[in-house]
Amino acid sequence: MTTLDETPYCWRCGASLARQPLPLGREAVCAQCNAQLHVCRQCAHFDPGKSNQCREPMAERVVDKTRANFCDWFQARRGPLTQANTPRKAALEALFLSPGAEPGNTDTTPEASEPRAALDRLFKS
């Protein structure tokens, strides 16, 4: 029998928030990366595909989803970060995969590394 991980994890760095007192207060910050935690991105109602990026229709609009707010509907999202709640990461990874390659593959053949090399050149300072 498996149990669901009910531990909250930081929306920014993925660190466990098991030692953080719940419910998360407006001033709560991640001990690992110092990110504010009472933010839309940390909320169980956060959904980029919904209007106002929130599944709670009564919630007021919050412009900056990464800054602490006073939303009364806030509920800390539980469980580890997964591909399901990080769709942008999955989409970005898929963009730079070789045809037929699997996500997380560490293939270092020249054909597989060309997109990565192009990306590194693009963002090199």
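Everything numeric in this text was worked out from a predicted model, so none of it was measured.
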Clusters formed by hydrophobic residues whose side-chain heavy atoms approach within less than 4.5 Å: which one holds Trp73, and what are its other members? Met58

How does the hydrophobic cluster around Val63 look, that is, which other residues are in it when side-chain heavy atoms under 4.5 Å mark a link? none

Looking at residues at least two apart in the chain, or sitting in another chain, which of them share a side chain to side chain donor-acceptor pair (under 3.5 Å) with Thr66?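 So Thr66 forms a side chain to side chain donor-acceptor pair (under 3.5 Å) with Asp64.
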
Residue list, side chain to side chain donor-acceptor pair (under 3.5 Å) with Asn52, at least two apart or on another chain: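 Partners of Asn52 by the side chain to side chain donor-acceptor pair (under 3.5 Å) criterion, ordered by chain and then number, come out as Lys65.
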
Distance-only check: which donor-acceptor pairs under 3.5 Å involve side-chain atoms of residues 20-39, not counting sequence neighbours?
{"residue": "Gln20", "atom": "NE2", "partner": "Val29", "partner atom": "O", "Å": "3.0"}
{"residue": "Gln36", "atom": "OE1", "partner": "Ala68", "partner atom": "N", "Å": "2.8"}
{"residue": "His38", "atom": "ND1", "partner": "Asn69", "partner atom": "O", "Å": "3.0"}

Closest heavy-atom contact between Ala76 and Phe74?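 Result for this residue pair: N-CE2, 3.7 Å.
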
Taking all atoms of both residues into account, what is the closest heavy-atom pair of Trp11 and Arg77, and its distance?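 So the two residues come closest at CA-NH2, 3.8 Å.
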
Tell me which pairs pass salt bridge (charged side-chain N to carboxylate O under 4.0 Å, His left out) where either residue lies in residues 45-54, with sequence neighbours left out.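 Salt bridge (charged side-chain N to carboxylate O under 4.0 Å, His left out) check on residues 45-54 returns Asp47-Arg55.
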
For His45, what residues pass the ring-ring contact (aromatic ring centres under 6.0 Å, His included) criterion, not counting sequence neighbours?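 For His45 there are no ring-ring contact (aromatic ring centres under 6.0 Å, His included) partners, ignoring immediate neighbours.
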
Ignoring hydrogens and geometry, is there a side-chain-to-backbone donor-acceptor pair from Gln42 to Gln75 under 3.5 Å? no

Nearest 0.5 Å, please: how far is SG in Cys40 from CD in Glu56? 12.0 Å

For the CZ atom of Arg41 and the CZ atom of Arg67, what is their distance to the nearest 0.5 Å? 15.5 Å

Does Ala18 have any side chain to side chain contact (heavy atoms under 4.5 Å, CB included) partners at least two apart in sequence or in another chain, and if so, which?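 If we apply the side chain to side chain contact (heavy atoms under 4.5 Å, CB included) test to Ala18, skipping adjacent residues, the hits are Thr7, Ser16.
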
